[in-house]
Amino acid sequence: MSQIEGKLKNEKLTAEDVAKLIEEGDKNFNETKKKIEKEISKLKNKKINTEKDNKKFKKNLKDLEDIEFKKKEGGKRDVPKSLSKEQLESATPQELFDMGYSVHSTEITDAIKRMLKKNVWDKREKDNQKRPGDSKEIKNNLNTEQKKDIFNNQTGSMKNSKEKESDNNGTNTQGNPPPKKEAHKGDPYIELLKGEINKKIVELNTLKNKIEDPNTDPSLIDGLQAQYNQLNNDIINLQNELLTYRKKNKQGRATHSKVYNQNNTTNTGHSSTRQNPRSNPNSQPNNNSNAGPNNPVNNPNSGPRNPGNNPNSQPNNNNNAGPNGPRNPGNGPTSTPDSQFKIQLDALRVSYTSAYKQFYYHDRKLGLKNKLRKIVGAKLVNEPSVPQNLIDLKTQYEKALYEYGNDLYNQESTRLNGQNLSQDQIKSHLAQYKSEVIFKELIIDEEQKLAQQKVEDLPRKEKSAMRSFLSWYGGLNPVTRKAISIGVFTGIGVAAIATFGGGAAVAGAWGGAKILRSASGALVGEGAAYAIGRMASGEINRAKESGTDSSKNVLGNFNWDENTFLNAKNQYQRTLNQYAERMNSVRKKQMAAKIISGGLTTFALNYEDAFMHKPSSEDIWGNKEVDDGAGTTKNENSGDTKSSDNKGSSTGKAEQVIKTPEASDEIIKNVETVVSSEGSLATIDDLKDKLSAQFGDDLSKAPAHIRHIIETDKYTLSKEWGLFNPDDKSGEESAMMLKGSNITMDKNWNITLHDVGKGDTVLSGEGAKIYSGEMFDSDHQATEGGATKLADGEVDINQVPEGEDGYTKLADGEVDINQNPEGLGSNNLDKAPYADGLPVDQNELNKTVWQKENLNIKGNAYEDANGNIVRLDGKEVTLGSDHKIYVNGVASEYLTKELNFEKNKILDNASVRFFGWSGDGANSKEWLRLQKYDMSTLKNPPTEGFLSDKENNFIKRLLKEAARSGVDYHGKTASQLVEEMAIKKLG
Amino acid sequence: MNEELKKVLVEALGISSLPNDKQEEMLEQIGVLVYQGALIRSMEYMRDEEVIEFENLTNSNTDPERVFSFIKSKVENFDQIIKEEAENFLSKSNSIMSQIGE
């Protein structure tokens, strides 16, 4: 942790610090740049060029497609037919695909583009002319078998309903000759199978819609899902049966291509539906009208796609389709029923998840080994590396994702360009379309499909547990769910998330951010567990080593010239500037964030970073800072010292590696801290300030244990040192120290508590021990017998007034002090201040002192020998007649140690003040503290503002906000109040 | 919901132009996805009886604190897994979306 981080933590970031942040950013940026340049240089040296990459990539994809064939036929696809330029330009995507061209090939991509253009043109012209470049010309150059393939493919294949149409009517819409009847035509069993398959696909789609319908009762989802899976399996079995039957009866065609296409006649998506119909949301039965004349492959006059059940969707020929209704392809299964990109995506998703499953099961063996090892306490087996084929498939899958996304984008762009819109309108609408429709389709929906598939592939126990988890999660209240959901990103941190920015705020930093992200990804990957988490590094390494297309995907489309670097750097600096500025406000906002989170679940608080994230260098720069000053001590300031067994042990570890010069006499003198009457926390605060002052901004020169003190919140420290133990079952949670005690530091930087009359305890440094002195229950400090635990003339840190002997407990249970002092009854009670609501004006609120007549405390009361009430342990505090904050449970969790005043001073001097206590998230229960004191009777009265104004105002603000927001705070605990406010705010 | 974190997130995801309710809806969906991914990985670290115990826990309408405490007690690096899954999601989302319409 750097010194700047320490300052960030303490909200003391100055302009100089910001400059330093930038400087560090430069350094990091340049280092990263060098690394990347080095890698690029390596790639160049390997003489990898785009053309070669493309060829290699295409070959991989083709191999993938061949695998699909092999699964069914054990054979290999035909080598693509070499076509002339003219032939290529006139061929349809389907024809090219059937001739062996990869769905990823440039040829097919170009054909699709031509098709789209043609569609638009045809829409405008509204004629039904046959498009130029009919495939007849190509067919003339093909052999008989190829012609047969094309012919059959046109009548079947992805144009599934076309097959039925052709079969039934003997013609097709393109005017091609009627297809020769296939051998199986009329075979009742085949027809039966096909009918069954189609019927089940319809049912499957209906079920899918039900499952995806947000109005469906969540409790039914599991059942629907089970039905879906069953149907899915049935369809696969039927398809296999159909295939086997055809082969057995030699009714199917001999080529693998035929089988492939034939299989597609029952589904719109080819490989995906064969393997897993559920993965292809576009699966349609043969009689699905979407696959009919609207099929752009089959019919040049068709619209680009049917927007499905999205009411906003408009056909292309609808000139009224405005930009305000982006088509929503995610809202139905028919976004692009026969889009090559969609088919390609579905196919690759299935291939990818299949490979993942295989890997997962392989890995299960390792998992089981680990489970066994865990049982016997042995070291776990190292995580395996992700196989290359899985990485390749993932790369290809993600490529297909953005190709499909671009397809959607281009179609929308084409649609908008056909309307009377300005370029600005189009641009704005496309941006919205991308954020809303494409993001949901490509990122969320697609991830859901992947996740769903992965869950389905889990072993039975895990799958059952996962479903149970999802069901449980769905049953949480919305506020908690939202808090938990966003909490998953808190581990990354606000700053690091910003580097992922593709949005407007950080768009300018895209280049720089991308570089950092790549570096960050590599680092993250190093520590990743197996499976997908490991892939990021695998991809990057592969990109580095081989320079394949995946490098483009991982590293982004970055132009590696110097000017771009400079621009990116400038943009990056600007972002850093913004970030550094923001960090100050972030810190300030953390208090508010805590309010919101505080009332939610402790889980959220356990994820301290979720709401109180302390920006680290890792957050800022995307990598882990190495503490070169302390070598291996980089983690010592974290949770290690929290363990009761290791309290203070961090110091011992630190001094093995830290070589800090001895502290001078002046430093030693400056650091001495007198135990404060305000308590151990105030004492520790003072110590921290004094230590911090010795090092200024440069904490690197401080020994690790001193840095730990400076950088750790006072609550954690007081617990580590044993001065405060809120969990003590006997209730004696606070260290009792007498006036005159102090904390000093020696030349070796050891921090020692000198407890008057009780000896010394090294709290931090060499020989550190946990404080073992006397503890007491601050809620029951005075004894019933009247004996005080205070030494004569001393004032303990808990502010018991001095000089009062013979305290007597008045009564057990509740005592209303307003009934006790003479003359102070209900008639004396004025209307509560701000009974109608707390003042909005901050100045007015700051001046507020809650006078005695507005104060009603119930609790255990103690009086001295003269009848003066010297102490009250409040359990309920009433502000005025109806402003109440109840304190449930143990009062000490919410109240200061005691509420002290003298009975005879009540009328004149008593006051109550509220102090907020942020606790830096270390102790969520300590954030609200009340303190009542009589300034005139204390020898060492609390210093005004010993808690900062911010903290004081915090509670006031809380009450004010509650009043302002209409939340009834009567009878609420603080946490209840906060939770209600949060719920109200979040709706 | 932490507004600062949310703000940065929606910007990073490129969905800041959407209405607030849609943003939150998407963030919630993303959160579940990240948890799913993390849990799938985490269960590899659990013994069979722990997996069953986990299922029973979630079946009994337990509060989130207990559920996540349980996972963390069984899977030491759960926080790290969560972080990685979240980073992977952001990275993948950003990588893909940045290439759309550019």
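Convention: sequence-line order gives letters A, B, ...; per-chain numbering from 1.
For B:Q29, the part sitting under 4.5 Å from any heavy atom of chain A is the side chain, from C-beta outward, and nothing else. Only the side chain of A:Y473 comes within contact range of chain B, judged by heavy atoms closer than 4.5 Å. For a residue to count as touching a neighbouring chain, one of its non-hydrogen atoms must lie under 4.5 Å from one of that chain's; by this rule A:L470 touches chain B with the side chain only. Both the backbone and the side chain of A:I444 come within contact range of chain B, each with at least one heavy atom under 4.5 Å from a heavy atom of that chain. With a threshold of 4.5 angstrom between heavy atoms, B:L39 approaches chain A through its backbone and through its side chain.
Interface remark: of the candidates B:S60, B:G31, B:G37, B:G31 forms the most heavy-atom pairs closer than 4.5 Å to chain A.
With salt bridges taken as basic N to acidic carboxylate O contacts below 4.0 Å, one links B:K92 and A:E447. Look at B:R41 and B:E85 and you find a salt bridge, because one of the NZ, NE, NH1 or NH2 atoms lies within 4.0 Å of a carboxylate O, short of that distance.
A:E462 pairs with exactly one of B:E55, B:M43, B:M46 by the side-chain contact (heavy atoms from CB on, under 4.5 Å) rule, that one being B:M43.
No more than 12 heavy atoms of other residues, nucleotides or ligands sit less than 6.0 Å from atom NZ of B:K22.
Aromatic ring centres of A:Y404 and A:Y409 lie farther apart than the 6.0 Å criterion allows.
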